[in-house]
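The following block contains the structure, expressed as C-alpha cells.
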Amino acid sequence: MTDTLWYTRCPVPTASGLAHSLGWLGETAAHSGLDFGVLQDAGPELAGFHFSHELSGLIREGGNVPALAARAQGSPTRLIGLTWIDESQAILVGPDSPVSAAADLAGLRVAVPAWAQDQARSFPRAMALHGFANALRPAGLTLADVRVTEVGVERDPQVRTEVQERRRDITWGVRELLDGAVDAIYVKGARAQEVAVEHGLRVAIDLDASETKRLRVNNGTPRPITVHQELLDTKPEVVVGFLAQSLRAADWAAGNLDGVREVLQRETLSGPDGVVAAYGTEFHRGLHPSLTAERVELLGVQKQFLYSHGFLAADFDLDAWVAYEPLEQARALVAAERVPA
C-alpha cells in the first residue's frame, strides 16, 4: 500500500494544477495520512513514471498520448476525468510562404518529429501528425497528400524542474522551417505562440477556428486524469478528495482570471502575452473535469488515430477504462458545500 500521494502534470492550464499551486492537493494527502509528492520535483529515479504510470500512488493529469499508450501497454490505470481547453493549435509557415489554406499544403514538406524512445514519449510526433491530419481534412486531403519530413526530437523527454524546463526546446521544426528544409510546422500552446512571434513565422491555418471539436482533437484535447488502480482500490477517499479539490479550484478560477493567468505564466513558462494568445479570455470558466459522453467519444477519436498510426501497443476497451464513481462522489461532496446551512 502506498504511503505517498504522487501527482504529475504537464505545463498547461488544469484545475488540478491550480489546486496544487494553491496548496490544496497536499492538504488532501495529509488528511488521509499520506505524504504528498510531485514527480517534477522528485528527481530522475521517478521521472519515467510520468509516462509509464506504474507508480502505485500516482494521479496524472496530462497529455492523452502517454496516458493512452501506457494503458495500451497494460499499465493498471483508470480514467477518472477529462478536461478540454483549446490551447492555440496552428500550422505555421515562413513569412513569405504563399500557404493560406489547407488546400495549399498539398505536395509540401510538413515537419513531423521522429520517433522517440518509446510510444508514450513520442507524443511530439503524434501531435504533429494529428495536427496536420486535422488541418488537411476540410480540404478533402490526408497525410498521403503531403510529404512527411522527419525532424529531430528529444528521444527521452523527462519531467523537469522549472529551470531545466526553461532550457528545453518545445517547438519542433522551427529551425528546419527557418532553414528551408520544411514548408510547414505544427505548434500548440503558450510558448509556441511566443516562438512564432520571435521568429516572424505566420499562422497559415488556425485549428482553433474549426467549428467541430473533432478537428481539434489532439494530445491535450481532451486531457485525461488517470489514477493507478491500487490507489483507487486502497485509498478511494484520496482519489475523491483529489477530484473535489480540482472542482473547487475550477470554481475559484471561474471568477479569478488574473490569478489563473499568474499561475499559468509559471506553469507554461511563458509571458503574459503568450498566455493570452494561447488561451484567450474565457478558458478559465471551463476547467471543470467531467466524463461526459462527448468527451469520452472525443478521446475515442484520439485513441483510434493513435492506434492506426502505431502509437499504441494494442487496442483496448475505452469504456471499460472509465471509472465514473470517484468524480460523481466528488461532485456530490462539493455540491453539498454550496448548500446554505
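Only this structure's heavy atoms are used, side chains among them; waters, hydrogens and symmetry mates stay out.
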Lys/Arg-Asp/Glu bridge criterion (N-O < 4.0 Å) met for E61, R9
no

So, D145 side chain and T142 main chain: donor-acceptor pair closer than 3.5 Å or not?
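Yes; judged by distance alone, with no hydrogens or angles, the pair exists.
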
Validation row: R248, L333 side chains within 4.5 angstrom (heavy atoms):
yes

Begin from the C-alpha positions of F242 and K235 and carry the test side chain to side chain contact (heavy atoms under 4.5 Å, CB included) through to its verdict.
CA-CA 11 Å; F242 176 98; K235 292 283 187 179; over 6 Å; no

Any side-chain heavy-atom pair from I225 and T14 closer than 4.5 angstrom?
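The answer is no; the side chains never approach within 4.5 Å.
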
CZ (R295) and CG (L298) are apart, to the nearest 0.5 Å, by 9.5 Å

Co-membership, hydrophobic cluster, residues L79 and V217, 4.5 Å side-chain:
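Looking at the clustering, V217 is in a separate group from L79.
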
Measure across L327 and I80 and return the closest heavy-atom pair with its distance rounded to 0.1 Å.
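Looking at all heavy atoms of both residues, the shortest contact is CB-O, 3.8 Å.
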
Kindly say whether R147 contributes a backbone atom to a donor-acceptor pair with the side chain of T149 at under 3.5 angstrom?
yes

Is it true that L92 and L178 fall in one hydrophobic cluster, defined by side-chain heavy atoms closer than 4.5 Å?
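Yes, same cluster.
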
For N218 and G220, indicate whether the former's side chain and the latter's backbone hold a donor-acceptor pair under 3.5 Å.
no

Any chance OH of Y307 has more than 12 other-residue heavy atoms, nucleotides or ligands included, within less than 6.0 Å?
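Counting neighbours around OH of Y307, 12 or fewer heavy atoms of other residues, nucleotides or ligands fall under 6.0 Å, so no.
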
Can you tell if the side chain of R223 reaches within under 4.5 Å of the side chain of I85, non-hydrogen atoms only?
no

Report yes if the side chains of V65 and Q302 come closer than 4.5 Å at any heavy-atom pair, otherwise no.
yes

Calculate, to the nearest 0.5 Å, the distance between atoms OG and CG belonging to S56 and D233 respectively.
11.0 Å

As a quick check of understanding, evaluate side chain to side chain contact (heavy atoms under 4.5 Å, CB included) for L177 and H199, giving each step before the final call.
CA-CA 10 Å; L177 181 58; H199 295 287; over 6 Å; no

Check this for me, if you would: do E176 and R109 make a salt bridge, where the nitrogen-to-carboxylate-oxygen distance has to be below 4.0 angstrom?
no

Determine whether L25 and V38 make a side-chain contact, defined as any pair of heavy atoms from C-beta on separated by less than 4.5 Å.
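A side-chain contact is absent here, since even the closest heavy-atom pair is not under 4.5 Å.
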
Can you list everything that forms a side chain to side chain donor-acceptor pair (under 3.5 Å) with N219? Sequence neighbours excluded, please.
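Partners of N219 by the side chain to side chain donor-acceptor pair (under 3.5 Å) criterion come out as none, since no residue qualifies.
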
Side chain to side chain, V296 and L299, heavy atoms closer than 4.5 Å:
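Not touching, per the 4.5 Å side-chain cut-off.
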
With clusters defined by side-chain heavy atoms of hydrophobic residues (ILVMFWY) lying less than 4.5 Å apart, directly or transitively, does L68 cluster with V301?
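Different clusters: V301 never reaches L68 through Ile, Leu, Val, Met, Phe, Trp or Tyr contacts under 4.5 Å.
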
Please list all pairs meeting ring pair (Phe, Tyr, Trp, His ring centres under 6.0 Å) that have one or both residues in residues 310-339, counting only residues at least two apart or in different chains.
W115-F311, F316-W321

Assess the residue pair D183 and V93 against the criterion (side chain to side chain contact (heavy atoms under 4.5 Å, CB included)); give the C-alpha distance rounded to whole Å, side-chain angles, the decisive distance to 0.1 Å, and a yes or no.
CA-CA 6 Å; D183 301 303; V93 296; over 6 Å; no

Suppose the criterion is ring pair (Phe, Tyr, Trp, His ring centres under 6.0 Å): which pairs have a residue in residues 81-110, not counting sequence neighbours?
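Qualifying pairs: none.
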
Counting C-beta onward and ignoring hydrogens, is there a side-chain heavy-atom pair between K213 and T221 closer than 4.5 Å?
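No, their side chains stay 4.5 Å or more apart.
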
Going from CD on E230 to CD on E54, what distance comes out if it is rounded to the nearest 0.5 angstrom?
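With rounding to 0.5 Å, CD (E230) is 12.5 Å from CD (E54).
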
Non-hydrogen atoms of N64 and P222 that approach each other most closely:
ND2-O, 2.8 Å

Do D208 side-chain atoms and S88 backbone N/O form a donor-acceptor pair below 3.5 Å?
yes

Restricting to pairs with a member in residues 216-236, which pass ring pair (Phe, Tyr, Trp, His ring centres under 6.0 Å), not counting sequence neighbours?
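Those involving residues 216-236 do not exist here.
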
Spacing of L58 atom CG and L231 atom CG [to the nearest 0.5 Å]
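One gets 8.5 Å once the value is rounded to the nearest 0.5 Å.
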
Are V195 and V151 connected, step by step, through hydrophobic side chains (Ile, Leu, Val, Met, Phe, Trp, Tyr) whose heavy atoms are closer than 4.5 Å?
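Cluster IDs for V195 and V151 match.
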
Is there a path of hydrophobic side-chain contacts, each under 4.5 Å between heavy atoms of I/L/V/M/F/W/Y residues, joining F132 to L215?
no

Roughly how far apart are L46 CG and D41 CG, rounded to 0.5 Å?
11.0 Å

Shortest non-hydrogen contact from S246 toward P289:
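Result for this residue pair: CB-CG, 4.5 Å.
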
With a 3.5 Å distance limit and no angle check, can you tell me whether Y186 reaches the backbone of V110 through a side-chain donor-acceptor pair?
no

If you measure from the Lys or Arg side-chain nitrogens to the Asp or Glu carboxylate oxygens, is any gap between E150 and R125 under 4.0 Å?
yes

If I compare all heavy atoms of A67 with all of T226, which pair ends up nearest, and what's the gap?
CB-CG2, 4.3 Å

For T8, the option from H50, R60, H53 that meets side-chain hydrogen bond (donor to acceptor under 3.5 Å, both in side chains)
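Of H50, R60, H53, side-chain hydrogen bond (donor to acceptor under 3.5 Å, both in side chains) with T8 is met by H50 alone.
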
Which atom of G173 lies closest to which atom of A111, heavy atoms considered:
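Between these two residues, the closest heavy atoms are CA-CB, 4.4 Å.
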
Please find the pair of heavy atoms, one from A330 and one from A244, that lie closest to each other, and give the distance.
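Nearest pair, atom of A330 first, then A244: CB-N, 3.6 Å.
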
Would you say the side-chain atoms of H309 pair up with the backbone N or O of F305, donor to acceptor, closer than 3.5 Å?
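Checked: pair present.
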
Would you say that more than 12 heavy atoms from the other residues, nucleotides or ligands in this model lie under 6.0 Å from the CD of E211, or not?
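Counting other residues, nucleotides and ligands, CD of E211 stays at 12 neighbours or fewer.
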
Using atom types as modelled and distance alone, determine if a side-chain donor or acceptor of Q329 lies under 3.5 Å from a backbone N or O of V240.
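Checked: no pair found.
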
The criterion is salt bridge (charged side-chain N to carboxylate O under 4.0 Å, His left out); which residues satisfy it with R216, sequence neighbours excluded?
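Residues passing salt bridge (charged side-chain N to carboxylate O under 4.0 Å, His left out) with R216: D86.
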
Using modelled atom types only, decide if a donor and an acceptor are shared between the side chain of D118 and the backbone of R121 within a distance under 3.5 Å.
yes

Taking the side chain as every heavy atom from C-beta outward, state whether Q73 and Q119 have any pair of such atoms under 4.5 Å apart.
yes

How would you list, by chain and number, every residue that makes a side chain to side chain donor-acceptor pair (under 3.5 Å) with D251, sequence neighbours excluded?
H288, R338

Backbone N or O of T77 within a donor-acceptor pair of the S75 side chain at under 3.5 Å?
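Such a contact is absent between S75 side chain and T77 backbone.
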
Quick one: sort the F123 and W172 rings into parallel, tilted or perpendicular, breaks at 30° and 60°.
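Rings of F123 and W172: perpendicular, over 60°.
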
R202 side chain vs V99 backbone, donor-acceptor pair below 3.5 Å
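Checked: pair present.
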
Give the intermediate values and the outcome of side chain to side chain contact (heavy atoms under 4.5 Å, CB included) for residues K303 and L312.
CA-CA 8 Å; K303 181 176 78 78; L312 303 185; 3.7 Å; yes

Rounded to the nearest 0.5 Å, how far does CH2 of W252 lie from CG of L22?
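Rounded to the nearest 0.5 Å, the CG-CH2 separation comes out at 5.0 Å.
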
